[in-house]
Trainee: 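Before we start, here is the structure in question, set down as structure tokens.
These numbers come from a predicted model, not from an experiment.
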Amino acid sequence: GELEGAHVSFEQVSMLEAKEIEDRRIGGSPIEQSTRYVYYDQKNDQGQFRYYRGKDVTEASFGAQYVSVMDEVFQTYTDLVEPLRVYLENQKPIAEAEYDIDGDGKKEQLADLIDEKLIKSFKQTYGFELRAKACDILRGLLPVATLTNVGMFGNGRFYQNLLSYLLTTDLPENHSVAAGTQKALGEIIPQYIKR
């Protein structure tokens, strides 16, 4: 159990669920989709913002209010993306930006470049910087119900402990994640997750 392990992808779980998984760290190595680099202004294929919609919440007495508030929070986030990007661009115009684009240890400005590949790289770097700053500022609006992805490598003991924990809590999302994880691991390391 200490030497044999597996990779598991926990996709579209709430940030609360991600923390439940990641807090069981001994024997596991997680990596989570970062709110610092990913905009949450896009809707899913059903035209819904990406937040937890388990029946335990949506069918509760406060379910309609929950959906209404979450939609408003995500719409606010969405409405702020472009104005914030423009604001950040005005704070640091591309003409003032400096990056070591060619890897020579010296920073260049866009006006210093003549090679088309370097110019393209410079513009991409500038865009990534603005995006990262905007995401970093806006992520404070995101609730723990926001959906994220977590990749995990863990040994057999880690997964055994994780499953035991998830199955003994009161959170329904924990139970569904545990069931899916147990099924997936049953095909890879069944001897470690039988209990």
Side-chain angles (χ1 to χ4, degrees), residues 7-25 28-54 57-58 65-103 105-113 116-154 171 173-174 176-177:
H7 292 91
V8 175
S9 293
F10 300 93
E11 296 180 354
Q12 298 303 289
V13 297
S14 70
M15 288 184 178
L16 178 62
E17 181 66 21
K19 297 308 172 226
E20 290 282 292
I21 294 165
E22 293 168 352
D23 283 351
R24 315 281 148 304
R25 290 187 182 272
S29 179
I31 184 165
E32 183 179 344
Q33 173 183 309
S34 177
T35 56
R36 177 170 268 158
Y37 304 108
V38 176
Y39 282 126
Y40 280 83
D41 60 339
Q42 303 297 310
K43 294 183 178 181
N44 64 20
D45 294 339
Q46 292 80 38
Q48 300 171 328
F49 287 113
R50 296 180 296 164
Y51 61 83
Y52 180 73
R53 293 173 186 266
V57 176
T58 59
Q65 185 180 10
Y66 168 81
V67 170
S68 175
V69 169
M70 292 304 242
D71 282 346
E72 188 173 334
V73 167
F74 277 82
Q75 190 60 57
T76 300
Y77 178 102
T78 300
D79 293 343
L80 290 173
V81 168
E82 185 58 18
L84 181 57
R85 189 198 62 75
V86 170
Y87 173 80
L88 293 170
E89 190 173 4
N90 288 333
Q91 292 297 303
K92 182 179 181 179
I94 195 168
E96 296 175 12
E98 295 181 325
Y99 308 107
D100 178 13
I101 293 299
D102 57 10
K106 294 183 281 182
K107 292 183 177 183
E108 296 91 15
Q109 290 190 320
L110 183 59
D112 300 331
L113 303 173
E116 285 300 315
K117 285 184 179 180
L118 294 178
I119 291 170
K120 183 178 178 182
S121 292
F122 189 97
K123 289 179 179 179
Q124 285 178 331
T125 302
Y126 179 74
F128 290 145
E129 181 183 7
L130 291 182
R131 178 186 186 99
K133 284 181 180 178
C135 287
D136 201 29
I137 292 167
L138 290 174
R139 70 184 179 156
L141 291 174
L142 296 173
V144 294
T146 303
L147 297 181
T148 188
N149 299 317
V150 177
M152 177 71 73
F153 177 80
L171 292 176
E173 188 180 13
N174 280 357
S176 63
V177 167

Trainee: Measure the CZ-CG distance between F10 and N149 for me, rounded to the nearest 0.5 Å.
Mentor: 11.5 Å

Trainee: Is there a side-chain contact (heavy atoms from CB on, under 4.5 Å) between T146 and F74? Walk through the geometry before answering.
Mentor: CA-CA 9 Å; T146 303; F74 277 82; 3.4 Å; yes

Trainee: A quick test of your reading: do over 12 heavy atoms of other residues, nucleotides or ligands sit less than 6.0 Å from NZ of K120?
Mentor: no

Trainee: Looking only at non-hydrogen atoms, find the nearest pair between Q42 and R50 and report the distance.
Mentor: O-NE, 3.8 Å

Trainee: Considering only residues two or more places apart or on different chains, which pairs with a residue in residues 65-80 satisfy salt bridge (charged side-chain N to carboxylate O under 4.0 Å, His left out)?
Mentor: R53-D71

Trainee: Under a 4.0 Å N-O cut-off, is there an ion pair linking E32 with K19?
Mentor: yes

Trainee: Specify the closest pair of heavy atoms between A97 and F122, including all atoms of both residues, with the distance to one decimal.
Mentor: O-CZ, 3.4 Å

Trainee: Is any side-chain heavy atom of P30 closer than 4.5 Å to one of I21?
Mentor: no

Trainee: What are the two closest heavy atoms between A145 and M70, and how far apart are they?
Mentor: CB-CE, 3.1 Å

Trainee: Do other residues, nucleotides or ligands put more than 12 heavy atoms under 6.0 Å from Y87 OH?
Mentor: no

Trainee: So how far is it from E98 CD to Y126 OH, rounded to the nearest 0.5 Å?
Mentor: 13.0 Å

Trainee: Quick one: do T78 and T76 satisfy side-chain contact (heavy atoms from CB on, under 4.5 Å)? Show the steps, please.
Mentor: CA-CA 5 Å; T78 300; T76 300; over 6 Å; no

Trainee: Does the side-chain contact (heavy atoms from CB on, under 4.5 Å) test come out yes or no for L171 and L16, once each step is laid out?
Mentor: CA-CA 10 Å; L171 292 176; L16 178 62; 4.3 Å; yes

Trainee: Atom CD of residue position Q65 - does it have more than 12 heavy atoms of other residues, nucleotides or ligands inside 6.0 Å?
Mentor: no

Trainee: Between R131 and Y37 (side chain of the first, backbone of the second, donor and acceptor by atom type, cut-off under 3.5 Å), is there such a pair?
Mentor: yes

Trainee: With a 4.5 Å cut-off on side-chain heavy atoms, are Y51 and V73 touching?
Mentor: no

Trainee: Please name the pair of heavy atoms, one in I101 and one in S121, separated by the smallest distance, quoted to 0.1 Å.
Mentor: CG2-CB, 3.8 Å

Trainee: Step by step, would you call K92 with E129 a side-chain contact (heavy atoms from CB on, under 4.5 Å)?
Mentor: CA-CA 10 Å; K92 182 179 181 179; E129 181 183 7; 2.9 Å; yes

Trainee: Closer than 3.5 angstrom, by distance alone: can the side chain of Y40 be matched with the main-chain N or O of Y77 as a donor-acceptor pair?
Mentor: no

Trainee: Can you name the residues that form a side chain to side chain contact (heavy atoms under 4.5 Å, CB included) with D112, not counting sequence neighbours?
Mentor: E108, Q109

Trainee: Calculate, to the nearest 0.5 Å, the distance between atoms CG and CD belonging to L110 and E96 respectively.
Mentor: 12.5 Å

Trainee: CG of L141: more than 12 outside heavy atoms within 6.0 angstrom?
Mentor: yes

Trainee: Report the distance from atom CD of E82 to atom CD of E89, rounding to the nearest 0.5 Å.
Mentor: 8.5 Å

Trainee: Find out whether L138 and D41 are in side-chain contact, i.e. whether some heavy atom of one side chain is under 4.5 Å from a heavy atom of the other.
Mentor: no

Trainee: Quick one: CE on M15 to CD on E22, what's the gap to the nearest 0.5 Å?
Mentor: 10.5 Å

Trainee: Starting at OG1 of T148, measure out to CD of Q12 and round the result to the nearest 0.5 Å.
Mentor: 8.0 Å

Trainee: Got a donor-acceptor contact below 3.5 angstrom from the E173 side chain to the S14 backbone?
Mentor: yes

Trainee: A cation-pi test, strictly: NZ or CZ of K107 under 6.0 Å from the centre of the six-membered ring of Y99 and no more than 45 degrees from its axis. Yes or no?
Mentor: no

